[in-house]
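Here's the structure we're looking at; comments come further down.
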Amino acid sequence: MNFNPKILSFFCHWCCYAAADSAGVARYKYPPNNRVVRVMCTGRIDPLFIVEAFRAGADGVLVGG
Amino acid sequence: MGKDKVGKVMVLGGGIAGVQAALDLAELGFYVYLVEKKASIGGVMAQLDKTFPTNDCSI
Amino acid sequence: MEAGRSPNIEIITLAELKELSGKAGHFKAKLFIKPRYVDPQKCTACGLCTTYCPREVIDEYNEGLVYTKAARIDYPQAIPTTYYLDAKACLRMQHESCQLCANVCGPNAIVFDQLPEEREIEVGAVVLTLGFGRIPQEVLEKYGYGKYPDVMTSMEIERMTCASGPTEGEIIRPSDFTHPQRIAFLQCIGSRDVTCDNGYCSSVCCMYAMKEASVVKEHLPEAQIDLFFMDIRTQGKGFDEAFNRAVEKYGFGIIYARVPKIDQVGRKLALTYVTEDGKSHREFYDMVVLSVGLDAPKDAENLASILGIELNHYGFAQTRTSSPLETNVPGIFVAGAFQGPKDIPESVVQAQGVAARCSELLAEVRGEEAILKEFPPEDEELEALEPRVGVFVCHCGVNIASVVDVEDVTRYAANLPGVVHAEDVLYSCSQDALNDLVKKIKEHRLNRVVIAACSPRTHEPLFQETLKEAGLNPALIEMANIRDQCSWVHYFDPQAATAKAKDQVRMAVAKALRLKPLETQKVKVTPSALVIGGGAAGLQAALSIAEQGYEVHLVERERELGGNLRRVTGLLSGEDPQKILETLIKQVESHKRIRVYKETTVENISGYVGNFTSTLRSQAGSEIVNHGVVIIATGGKEHRPALWGLGEEDKILTQLDLEAELAGKASKIARARSIVMIQCVGSRGQDLKYCSKLCCQQAVKNALRLKKRYPKKDVYVLYGNMRTYGFSEDAYREAREAGVIFLRFTPQKRPELIKKGKSLYVKHYDALLGEDLLIPADVLVLSVGIAPGDNEELSKIIKAPLTSDGFFLEAHVKLMPVELAVDGVYVCGLAHGPKPLDETLAQARAAAAKATIPLAKGYVEVAPIVSRVDQQKCIGCGICADLCPYGAIQMIKVGKRKKAETITASCKGCGICASHCPVFAIEMGGFTDEAILAQIEAFGDFAEKESQEEAEKAA
């Protein structure tokens with residue numbers, strides 16, 4: 001079976017979110033499986049958010065900061 | 001002179017020094033003309049891949 | 001680069017200065033502006049012109065490694081974000097053929113018949129930040145560049161290592177596109193080389209060579225890299241440590257040799273060189289990288305004649321140690337590499353310093369030309385209604401619409417809960433669309449706005465401003481990034497990209513429903529500064545702030561002002577340091593806005609940016625002062641290690657002791673026949689880890705002074721690496737020519753003191769001879785370096801961290817070199833790190849510029865993303881206060897219990913406090929738990945829907 005994971009990403013505004021933008025500007029390709037929540041700092045991420053993400057049905061959570 | 005001073009500054013060169021000077025001058029309450037001979041500002045720093053020591057990208 | 005949105009900076013590109021008249025305070029400048037052929041008002045930076053332009057030209061931005069087009073932008077993040085046509089290459093302009101770009105340009109931004117323009121502007125001051133020029137091609141040709149394809153410049157490697165560069169980060173040999181296995185970096189190309197008239201040291205190459213070698217090694221882990229040095233000049237703050245770490249981590253070979261000769265043998269490059277032991281070597285490499293130095297800027301001479309400014313003999317701006325930012329023409333200032341080769345932090349420091357210098361000159365007209373934008377009052381009634389969301393989905397020309405089905409996303413958005421209006425827009429950021437947005441907000445009574453377009457990082461401020469124009473609180477917008485993080489990266493799968501766009505829009509709407517208006521807080525500022533330390537840095541900083549129009553409290557621990565500079569008696573430039581100091585002190589003491597407190601210490605500082613309260617203690621008692629900002633200029637001290645018998649013998653001096661001798665009768669040295677100086681005593685791996693930056697210059701200076709006064713005495717300088725960077729390299733050469741003998745030692749074989757009866761000798765291992773030498777030392781002079789002052793206590797009072805070496809740690813090594821992690825506190829001079837006088841004076845002005853910004857504004861504006869503590873819920877555990885990296889949470893007493901409280905002026909909105917609060921008592925403006933959880937919940941809908949579809953398919 002074709003596994004098509006659903007990933008919820010939390011990106012820091014200052015670094016990883018910026019990096020994801022740059023990837024776009026450089027027209028990189030990556031699989032369209034992630035959805036992004038922007039935060040001002042990954043320090044903002046309460047463990048609760050991660051639990052909730054899995055509860056909401058995420059197959060994976062990516063914290064980028 | 002006195003009253004006939006002008007609250008504007010011309011910065012010649014839009015590299016990192018010029019951009020930084022312009023930003024600070026604007027914050028200090030002056031109007032700045034940032035004059036660059038190329039089509040965009042940023043100078044050589046915009047060409048650098050990473051900068052030491054944090055290896056931040058330079059843009 | 002973060003520039004360009006200020007309404008008070010007007011960027012004029014493709015422009016040159018033609019004429020300047022007038023005087024300091026009021027100049028008239030004539031500019032010549034070349035046509036861009038693209039209307040910046042209309043260009044949306046979609047890039048279609050470049051895609052369709054048939055004319056290829058060499059890409060200068062990428063160092064000629066690839067081709068670009070005649071219609072282009074130099075790099076994707078360029079500012080202004082407007083494309084331009086290269087008239088020299090454009091087929092239309094050269095041959096009247098082709099106008100593809102004009103045909104494909106959606107917003108009709110191409111203007112072929114644009115003409116050059118002349119423009120006259122009036123300014124109070126002129127700042128020259130011309131940067132540096134390139135070393136001429138013929139100098140590089142000496143090293144086979146242009147002849148052997150695998151000889152490359154450092155800038156070419158810089159582009160090659162860049163992941164978005166011409167090779168996508170792959171390191172390849174231009175000759176055969178293979179990965180090089182053995183790479184050599186050659187230093188001092190076009191620097192420290194009198195044969196090409198560049199006798200100076202470019203100051204930055206040693207460090208960047210190490211950085212490039214490290215990056216190359218990351219890309220090619222199996223490559224073996226050798227670096228060839230005459231001296232390793234990594235004198236900046238923290239540089240030695242980084243350099244040594246890199247050498248250890250990547251296993252670089254370090255070879256001390258003059259620049260080798262290069263020739264090609266088969267497919268390899270052969271380097272022939274002589275090492276210090278006199279042996280000749282011939283080694284083969286796959287690639288050679290030339291660490292090219294910084295030349296004087298090309299247009300400097302032309303500009304100098306227009307402006308009447310003096311250049312030094314290398315073509316850089318001529319300045320003095322006492323006034324490193326000033327040209328000989330009043331009102332014309334200089335900063336950055338045009339003042340002399342320097343790295344990014346030094347350039348930033350000078351740029352900030354020059355801003356202070358202009359601000360001093362033009363203090364009385366501050367704010368007269370500045371533009372303030374005004375907005376209508378907020379429609380609070382509308383904001384209080386149930387959320388009425390408007391969704392605007394942007395095509396961005398074809399950037400989004402060619403991949404994502406924009407109409408489909410818009411239809412989908414219209415049916416989401418809370419959405420009362422949805423539409424698609426061709427270019428949502430165009431002025432037309434923004435005007436339309438204001439209209440639509442009023443028409444549909446929207447009180448929440450979702451823009452599905454590009455990145456909030458670049459465009460949210462623009463839309464926030466539009467909301468303000470429409471009478472809405474700027475916090476009521478949310479963006480869904482369906483371009484940078486969707487259409488641009490998922491172009492191979494339009495369907496999945498459309499699905500992702502829908503999800504991001506749904507999540508954005510879910511968040512938008514929970515957005516609340518936030519107030520931008522303005523905190524009033526006490527318009528005065530506290531400067532701690534009355535040495536050169538403190539004096540200059542205090543004077544600058546006072547000249548800019550604000551009150552200063554200057555605190556000095558000692559009975560006299562002047563600090564370490566009091567002991568310096570000569571300068572390489574020939575200026576008299578005591579006269580510089582005297583002038584500074586006189587100006588400070590007579591200034592009506594400066595109050596000097598001598599024999600006083602700072603006992604306590606409380607408060608935050610804009611509102612500090614300090615207790616100053618002197619013998620007379622203590623005094624409390626209020627001030628808006630703090631400058632730390634507490635200096636450093638001469639390091640006096642228990643090495644080499646310092647303090648035990650009369651004949652053993654430090655460089656500063658020697659300066660005192662040279663200024664007086666010199667009784668200790670008059671009878672000596674042989675004087676030996678030892679560098680790095682106590683520094684660089686002895687009891688201080690770091691390099692003190694200025695001792696090499698100081699030793700050369702004092703050696704020259706000795707030789708001038710006593711030509712017959714022998715003067716030896718024993719050193720590890722001679723770090724006479726910048727123009728002080730001239731003095732190093734002059735000293736050698738004057739007969740000063742320089743001998744290099746290695747860290748493994750440092751020289752030793754030998755006593756024979758009453759006579760002193762220095763034992764030195766000479767690599768060329770392969771044996772120990774005994775040098776008579778009638779006087780021994782130790783370059784002892786600079787130790788940090790008593791910074792620890794102050795660091796605790798101010799809650800700002802120190803480096804492991806004990807100096808104050810700046811907020812960002814490159815871009816915020818005088819700011820500390822705590823807002824409203826700045827650092828300069830030796831308290832920041834060892835540095836010579838001219839750098840200290842420039843940095844003092846930089847700190848003064850940064851400190852004056854809040855004073856000049858009169859208020860501190862706090863972005864509304866800050867944290868807020870619900871004191872009903874708070875249990876006073878204090879976890880948040882401990883964790884906050886900015887010292888922005890204080891524990892206060894409310895009734896009988898302790899409660900946390902945010903100091904909004906210091907908060908950066910990172911949210912660490914909120915995520916660690918065990919009782920969820922902390923809310924982040926714009927990023928509430930509720931809003932983020934709603935986004936996660938909305939994300940879940942997607943997961944459910946898809947698995948449903950999957951189940952259906954399976955059935």
Side-chain angles (χ1 to χ4, degrees), chain B, chain C residues 1 3 6 8-17 25-26 29 31 61 74-75 77-80 84 121-131 158 161-162 207 211 215 238 242 335-336 344 347-348 350-352 354-355 358-359 362 364-370 813-814 849 852-853 856:
Chain B
M1 275 195 301
K3 280 263 153 66
D4 108 309
K5 283 190 180 175
V6 184
K8 300 182 179 183
V9 179
M10 173 168 71
V11 177
L12 274 182
I16 175 65
V19 170
Q20 183 68 51
L23 285 169
D24 287 333
L25 280 164
E27 292 259 342
L28 283 164
F30 301 99
Y31 190 87
V32 185
Y33 298 102
L34 180 56
V35 179
E36 165 62 43
K37 64 175 193 258
K38 292 202 173 164
S40 55
I41 58 170
V44 179
M45 189 163 164
Q47 274 183 292
L48 303 183
D49 171 32
K50 297 185 174 73
T51 59
F52 158 82
T54 45
N55 279 4
D56 289 346
C57 74
S58 51
I59 293 172
Chain C
M1 198 85 65
S6 164
N8 286 310
I9 302 177
E10 185 177 334
I11 299 174
I12 308 175
T13 51
L14 297 165
E16 270 171 51
L17 181 70
H26 198 154
L31 300 176
Y61 171 73
D74 288 332
Y75 52 101
Q77 303 90 333
I79 294 173
Y84 66 96
I121 55 177
E122 292 189 27
V123 294
V126 177
V127 174
L128 305 177
T129 48
L130 306 183
E158 191 74 50
T161 53
C162 179
M207 211 53 206
K211 179 206 75 177
V215 177
I344 296 167
S347 297
V348 170
Q350 286 204 336
Q352 296 177 332
V354 97
C358 294
S359 169
L362 303 173
E364 67 221 63
V365 288
R366 179 192 315 284
E368 282 187 6
E369 302 289 343
V813 180
K814 286 226 141 35
T852 303
I853 288 172

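Naming: A, B, ... by sequence-line order, numbering from 1 per chain.
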Give a yes or no on whether a salt bridge exists between B:K8 and C:E122, defined as a side-chain N under 4.0 angstrom from a carboxylate O.
no
Shortest non-hydrogen separation from B:F30 to C:N8 and the atoms involved
O-CB, 3.8 Å
Could you tell me whether a side-chain N or O of C:H26 sits under 3.5 Å from a main-chain N or O of B:D4, the two making a donor and an acceptor?
yes
Sequence-distant partners of C:Y84, ring-ring contact (aromatic ring centres under 6.0 Å, His included), two or more places apart:
none
Atom of C:A351, atom of B:Q20 and distance for their closest heavy-atom approach
CB-CB, 3.7 Å
Indicate the atoms forming the closest heavy-atom contact of B:I16 with C:S347, along with that distance.
CG2-CB, 4.4 Å
Residue, of B:L12, B:V9, B:D24, that accumulates the most heavy atom pairs under 4.5 Å with chain C:
B:L12
Any heavy-atom pair between the side chains of C:I11 and B:I41 that's under 4.5 Å?
yes
Looking only at heavy atoms, the pair that brings C:A370 and B:G29 closest together is CB-O, 3.8 Å
Heavy-atom donor-acceptor pair, C:R366 side chain to B:L28 backbone, under 3.5 Å:
yes
Atom CG in B:L25, atom CD1 in C:I853: separation rounded to 0.5 Å?
9.0 Å
Minimum heavy-atom separation for B:A39 to C:D74, with atom names?
CB-OD2, 4.4 Å
For a 4.5 angstrom cut-off between non-hydrogen side-chain atoms, does B:L23 reach C:I9?
yes
Against chain B, label C:A29 side chain, backbone, both or neither, depending on which of its atoms sit under 4.5 Å from a heavy atom there.
side chain
So do the side chains of B:M10 and C:I121 get within less than 4.5 Å of each other, counting heavy atoms only?
yes
4.5 Å side-chain heavy-atom contact, B:V11 and C:T129
yes
Are any side-chain N or O atoms of B:S40 and backbone N or O atoms of C:P80, one a donor and one an acceptor, separated by less than 3.5 Å?
no
Considering all heavy atoms, the nearest C:G336-B:A17 contact
CA-CB, 3.9 Å
To the nearest 0.5 Å, how far apart are CD in C:Q352 and CD in B:E27?
11.0 Å
Contacts of type side-chain contact (heavy atoms from CB on, under 4.5 Å), residue B:K38, not counting sequence neighbours:
B:E36
